[in-house]
Visitor: 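This is the structure, below, for whatever I ask next.
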Amino acid sequence: MDSNVQKRRENKKSLRVKVISLGNAEVGKSCIIKRYCEKRFVPKYLATIGIDYGVTKVQVRDREIKVNIFDMAGHPFFYEVRNEFYKDSQGVVLVYDVGLRESFDALDSWLGEMKQEMGSMVNMESIVFVVCANKVDLTKRRVVDEGVGRLWAESRGFHYFETSAQSGEGISEMFQAFFSSITDMCENGGKRPVAEVSVGFTKEQADTIRRIRNSKDSWDMLGVKPGATREEVNKAYRKLAVLLHPDKCVAPGSEDAFKAVVNARTSLLKNIK
Ligand code: GTP
Ligand code: MG
């Protein structure tokens with residue numbers, strides 16, 4: 001065969017990608033990678049110092065993918081070291097510990113740090129994200145439910161997997177979906193395939209459901225100030241009802257959120273003259 005033709009075929013088949021891991025310290029980023037690459041689990045905590053780098057080869061369909069993995073340290077102390085490694089990433093593994101709510105709440109600030117370091121020109125549609133709800137083996141200490149985590153991830157067009165680096169649950173499925181999506185993206189001219197980001201509900205709906213779940217009282221739930229008038233309560237209610245009505249909203253948790261909003265309005269109107 002003509003050597004140029006052969007070279008072109010080989011180029012199409014082999015691909016080189018860069019992925020990073022993000023999330024608070026001690027959530028299990030390094031253990032997830034170790035479980036996948038070395039098929040083992042280390043119970044003792046060895047904090048990543050700045051960054052760990054590794055290479056692995058995976059097969060996706062007819063392509064061989066060479067994956068460069070940059071495993072970031074989650075501790076704020078290492079910001080100055082890890083900040084250089086964000087650029088040119090095609091995939092991000094975002095990890096939280098299902099037993100630590102603050103590690104879930106921190107996902108937004110991890111995305112924030114990433115955007116800041118990659119610069120305003122970064123196109124988030126050219127990056128594949130997978131969210132790992134990790135340590136699901138520790139069922140008794142779990143505080144972040146699957147619905148909450150899945151909603152956060154899927155409303156942003158991110159994959160969501162329940163994982164345990166300890167038992168291995170979800171790890172190979174997660175990486176398989178992750179690498180396969182990155183390959184699809186590369187074959188799609190560097191854009192995340194559309195089907196993957198279309199989940200049937202909007203980010204506004206997902207964020208509103210989350211806000212309702214976390215609201216401290218009925219005023220807060222409707223998004224009005226304590227002491228608001230009947231008109232203000234009704235106006236806020238109508239807006240939320242349109243957004244969350246179960247006939248129109250398929251986001252997980254929308255039915256409960258809608259019911260909660262109806263109850264909040266009823267109880268507020270009872271006490272307003
Ligand atoms: P930094 O490098 O400091 O950012 O932390 P990390 O996110 O890389 O955490 P690491 O993987 O080092 O794990 C932290 C601790 O959690 C270790 O003691 C692990 O053994 C433990 N761990 C990680 N994953 C799991 C899991 O799925 N289940 C359980 N039970 N423990 C886990
Ligand atoms: Mg680590």
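Computed from heavy atoms alone, side chains included, the values below leave out hydrogens, waters and symmetry copies. Order of listing sets the numbers, starting from 1, for every ligand and every atom in it.
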Visitor: Distance to 0.1 Å, residue and atom name: give those for the protein heavy atom nearest to atom 28 (N) of ligand 1.
Guide: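 For this ligand atom, the closest protein heavy atom is Asp137 OD1, 2.8 Å.
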Visitor: What protein heavy atom sits nearest atom 7 (O) of ligand 1, and how far off is it?
Guide: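 Protein heavy atom with the smallest distance to atom 7 (O) of ligand 1: Lys29 NZ, 2.7 Å.
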Visitor: If I apply the N/O under 3.5 Å rule, does His75 come out as touching ligand 1?
Guide: no
Visitor: Is there a nitrogen or oxygen of Gly28 sitting under 3.5 Å from a nitrogen or oxygen of ligand 1?
Guide: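 Yes, Gly28 has an N/O under 3.5 Å of an N/O on ligand 1.
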Visitor: Mark up the atoms of ligand 1 that fall under 4.0 Å of a heavy atom belonging to Leu138, in ascending order.
Guide: 30 (N)
Visitor: Please check whether Thr163 reaches ligand 1 - meaning an N/O of the residue sits under 3.5 Å from an N/O of the ligand, judged on distance alone.
Guide: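 No.
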Visitor: As a check for students: among Gly170, Ala25, Gly168, Cys31, identify the option with a heavy atom nearest to atom 19 (C) of ligand 1.
Guide: Cys31
Visitor: So between Lys44, Lys135, Arg141, whose heavy atom ends up nearest atom 15 (C) of ligand 1?
Guide: Lys135
Visitor: Is there at least one pair of N or O atoms, one from Asp71 and one from ligand 1, spaced under 3.5 Å apart?
Guide: no
Visitor: Aromatic rings Phe158 and Trp152: how do their planes relate, parallel, tilted or perpendicular, breaks at 30° and 60°?
Guide: perpendicular
Visitor: Is a side-chain donor or acceptor of Arg82 paired with a backbone partner of His75 at a separation under 3.5 angstrom?
Guide: yes
Visitor: So, Tyr160 versus Glu146: side-chain donor-acceptor pair below 3.5 Å or not?
Guide: no
Visitor: Looking at Met185 and Val128, what are the two nearest heavy atoms and their distance?
Guide: SD-CG2, 3.8 Å
Visitor: Give the residue, atom name and distance (to 0.1 Å) of the protein heavy atom nearest atom 24 (N) of ligand 1.
Guide: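 Nearest protein contact, heavy atoms only, for atom 24 (N) of ligand 1 is Asn134 ND2, 3.2 Å.
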Visitor: Which atoms from ligand 1 have a heavy atom of Ala73 less than 4.0 Å away?
Guide: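 Those of ligand 1 that fall under 4.0 Å from Ala73 are 4 (O).
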Visitor: Looking at atom 5 (O) of ligand 1, what's its closest protein heavy atom, distance included?
Guide: Glu26 N, 2.9 Å
Visitor: When you measure from atom 18 (O) of ligand 1 to each heavy atom in Ala165, Cys132, Pro43, which option holds the nearest one?
Guide: Pro43
Visitor: Can you tell whether the side chains of Arg156 and Asp108 come within less than 4.0 Å, N to carboxylate O?
Guide: yes
Visitor: To which protein heavy atom is atom 31 (N) of ligand 1 closest, and what is the distance rounded to 0.1 Å?
Guide: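 Its nearest protein heavy-atom neighbour is Phe41 CZ, 3.7 Å.
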Visitor: Out of the candidates Leu100, Asp137, Asp97, Val98, only one should pair with Arg142 under the side chain to side chain contact (heavy atoms under 4.5 Å, CB included) rule; please name it.
Guide: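 Considering Leu100, Asp137, Asp97, Val98, a side chain to side chain contact (heavy atoms under 4.5 Å, CB included) with Arg142 is found only for Val98.
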Visitor: Can you tell me the angle formed at the Mg ion (ligand 2) by OG of Ser30 and OG1 of Thr48, to 10°?
Guide: 90°
Visitor: Check this for me: does any side-chain nitrogen of one of Lys34 and Glu38 sit under 4.0 Å from a carboxylate oxygen of the other?
Guide: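 No.
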Visitor: With only distance considered, is Val27 within less than 3.5 Å of ligand 1 through an N or O on each side?
Guide: yes
Visitor: Could you tell me the separation between the CD1 atom of Ile20 and the OH atom of Tyr53, rounded to the nearest 0.5 Å?
Guide: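 Taking CD1 in Ile20 and OH in Tyr53, the distance rounds to 14.0 Å.
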Visitor: In the protein, which heavy atom is nearest to atom 20 (O) of ligand 1, and how far is it?
Guide: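 Protein heavy atom at minimum distance: Val42 O, 2.8 Å.
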Visitor: List the closest protein heavy-atom neighbour of atom 3 (O) of ligand 1: residue, atom name, distance to the nearest 0.1 Å.
Guide: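 Residue, atom and distance for the closest contact: Tyr45 OH, 2.5 Å.
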Visitor: On the ring face of Tyr237, is Lys239 found with NZ or CZ under 6.0 Å from the centre and within 45° of the axis?
Guide: no
Visitor: Which heavy atom of Arg61 sits nearest to which heavy atom of Ser180, and what is that distance?
Guide: NH1-OG, 4.2 Å
